[in-house]
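Reckoned from all heavy atoms, side chains included, excluding hydrogens, waters and symmetry mates. Here is how names work: the chains are called A, B, and so on, in the same order as the sequence lines, proteins then strands, and each is numbered from 1.
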There are 2 protein chains.
Amino acid sequence: MLIRVDPSDPLPLHEQLARGIRASIIDGRLAGGERLPAARDLAASVGVNMHTVLHAYRRLRDEGLIELHRGRGAVVLVRLGGHGALAGAIHDLVDEAKARDIGEPALLALISEAYRWAPGAPPTGVRRPPTTR
Amino acid sequence: MLIRVDPSDPLPLHEQLARGIRASIIDGRLAGGERLPAARDLAASVGVNMHTVLHAYRRLRDEGLIELHRGRGAVVLVRLGGHGALAGAIHDLVDEAKARDIGEPALLALISEAYRWAPGAPPTGVRRPPTTR
DNA sequence: CGAGTTGTGCGCATAAAGATAGAACAATAC
DNA sequence: GTATTGTTCTATCTTTATGCGCACAACTCG
């Protein structure tokens, strides 16, 4: 868990934290079942407030990447065939977008648009398994 | 150009405008080369400030969807084989994500992450053709 | 050219978000 | 039981975002 944050970065601290952890989870540096450091600890080691870390944790929970429990801490979810299966498709799409010189904000906007049109599961908001709260 | 905005919507007005126009461009209701209404006009017809409309226009320009020039107005870019070709891939990805019960914020986060890793064109920021400024 | 059009820049007021702090609390693990 | 750890609540402060009004500069077109 080597994470650094840059207060001068326009990106919010909690988002920087979330990114770092998210990246570690996706590429496997953090295995499923593994436990993240306690919010207080990570906060102290990184030099931010505990609430800021918890903000990031909560975000990752809402994204379905980790589990969060009182007294138990934050644990990386296993998600068999979950994000892993999507990774390929995402990678291809990003390559395609870059080849066409489409910037990140544009791509995100297009996808966000597509998400709103397409029929399917969550019409709005985020899905939180009842066991998580 | 039938666009409505809802001030009670938590989404910023300029974002609501950008979405409406973006959607029209992507699905072809607004053809390449077509000109958008002058910011003042659209602002008046929708009931917001001119700057709010221009904010949306500027965003769409940064996304590479339109061109913006003083005295000339906002014109939809043609982008042959541009976004159109991506549409399929995006649609598939969104379907896949919804099937796996992955919410929009989570999907966007994953893609944003992938964008940062992958090698390719714009490392950061946005691409603006010199002719546009 | 000259008048009309249209986006741009500057400044300002208010709202929202970000970050921190402290305290008390409720599950959980040992 | 005790220590741990996320949760909830209140509060304060700073920064950023949002939206607006006015004057300006570049462009178009007759």
Side-chain angles (χ1 to χ4, degrees), chain A residues 1 3-21 33-63 65-77 105 128-133, chain B residues 1 3 5-19 21 33-63 65-77 105 128-133:
Chain A
M1 281 301 301
I3 291 191
R4 277 178 302 178
V5 294
D6 176 11
S8 74
D9 193 312
L11 216 64
L13 297 180
H14 62 84
E15 186 55 36
Q16 293 185 44
L17 288 171
R19 282 195 176 182
I21 301 171
E34 201 163 341
R35 181 176 165 184
L36 299 179
R40 285 174 177 83
D41 296 351
L42 183 53
S45 92
V46 172
V48 299
N49 192 275
M50 172 189 63
H51 294 324
T52 305
V53 173
L54 283 172
H55 192 338
Y57 279 5
R58 219 170 306 128
R59 176 129 164 73
L60 295 174
R61 178 198 60 186
D62 290 350
E63 293 177 9
L65 291 175
I66 67 174
E67 221 174 8
L68 222 43
H69 291 286
R70 255 192 287 220
R72 224 185 305 171
V75 179
V76 179
L77 276 179
R128 272 191 290 255
T131 61
T132 307
R133 331 197 51 169
Chain B
M1 282 300 302
I3 290 192
V5 295
D6 176 12
S8 74
D9 192 313
L11 216 64
L13 298 180
H14 62 83
E15 188 53 36
Q16 293 185 44
L17 288 170
R19 282 194 177 183
I21 301 170
E34 199 163 343
R35 181 177 166 184
L36 298 179
R40 285 175 176 80
D41 296 350
L42 182 54
S45 91
V46 171
V48 300
N49 191 273
M50 170 188 60
H51 286 100
T52 306
V53 173
L54 283 171
H55 192 167
Y57 279 5
R58 218 170 306 129
R59 177 130 164 74
L60 295 174
R61 178 198 58 185
D62 290 351
E63 294 177 9
L65 291 175
I66 67 173
E67 223 175 6
L68 220 44
H69 291 286
R70 253 194 288 222
R72 225 185 306 172
V75 179
V76 178
L77 277 179
R128 274 190 290 257
T131 60
T132 308
R133 319 201 59 170

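Atoms CG (B:L42) and P (D:dC20) sit 13 Å apart, rounded to a whole Å. For A:L54 and C:dA21, the CG to P distance is 14 Å, given to the nearest whole Å. Atom CG in A:N49 sits about 11 Å away from atom C1' in C:dG18, given to the nearest Å. Atom CG of A:L11 and atom P of D:dA17 are 11 Å apart (whole Å). B:L60 has its CG atom 13 Å from the P atom of C:dG7, to the nearest Å. In this entry the distance linking CZ of B:R40 with P of C:dT5 reads 10 Å, nearest Å. Straight-line distance from the OH atom of A:Y57 to the P atom of D:dT4: 17 Å, rounded to whole Å. As rounded to whole Å, 13 Å separates atom C1' of C:dA17 from atom CD of A:E15.
Salt bridge A:R59/A:E15: present, at least one basic N to carboxylate O contact under 4.0 Å.
Here the nucleotide nearest the side chain of B:P12, chosen from C:dT8, C:dT6, D:dT18, is D:dT18. Closest to the B:L13 side chain, of the nucleotides C:dT6, D:dG19, D:dG6, is D:dG19.
When each of A:T52, A:V46, A:V5 is paired with A:Q16, the side chain to side chain contact (heavy atoms under 4.5 Å, CB included) condition holds for A:V5 and for no other.
What you find for A:A56 and A:A18 is that their closest heavy atoms are CB-N, 3.9 Å. Across all their heavy atoms, A:A39 and A:M50 have their closest contact at CB-CG, 4.0 Å. Between B:V76 and B:I66, the closest heavy-atom pair is CA-CG2, 4.2 Å.
Residue B:H51 places no side-chain N or O under 4.0 Å from the OP1 or OP2 atom of D:dT18. Distances shorter than 4.0 Å separate none of the side-chain N or O atoms of B:H69 from OP1 or OP2 on C:dT6. For C:dT20, the OP1/OP2 oxygens have a side-chain nitrogen or oxygen of A:T52 closer than 4.0 Å. OP1 or OP2 of D:dT5 sits under 4.0 Å from a side-chain N or O of A:R35. OP1 and OP2 of C:dT6 both lie 4.0 Å or more from every side-chain N or O belonging to B:R58.
If A:Q16 and A:R72 are placed on DNA chain C by their nearest nucleotide, the residue sitting closer to the 5' end is A:Q16. Taking for each of A:P10 and B:M50 the nucleotide of DNA chain D with the nearest heavy atom, the 5'-most of the two is the partner of A:P10. Between A:H55 and B:R70, the residue anchored closer to the 5' end of DNA chain C is B:R70, taking for each the nucleotide with the nearest heavy atom.
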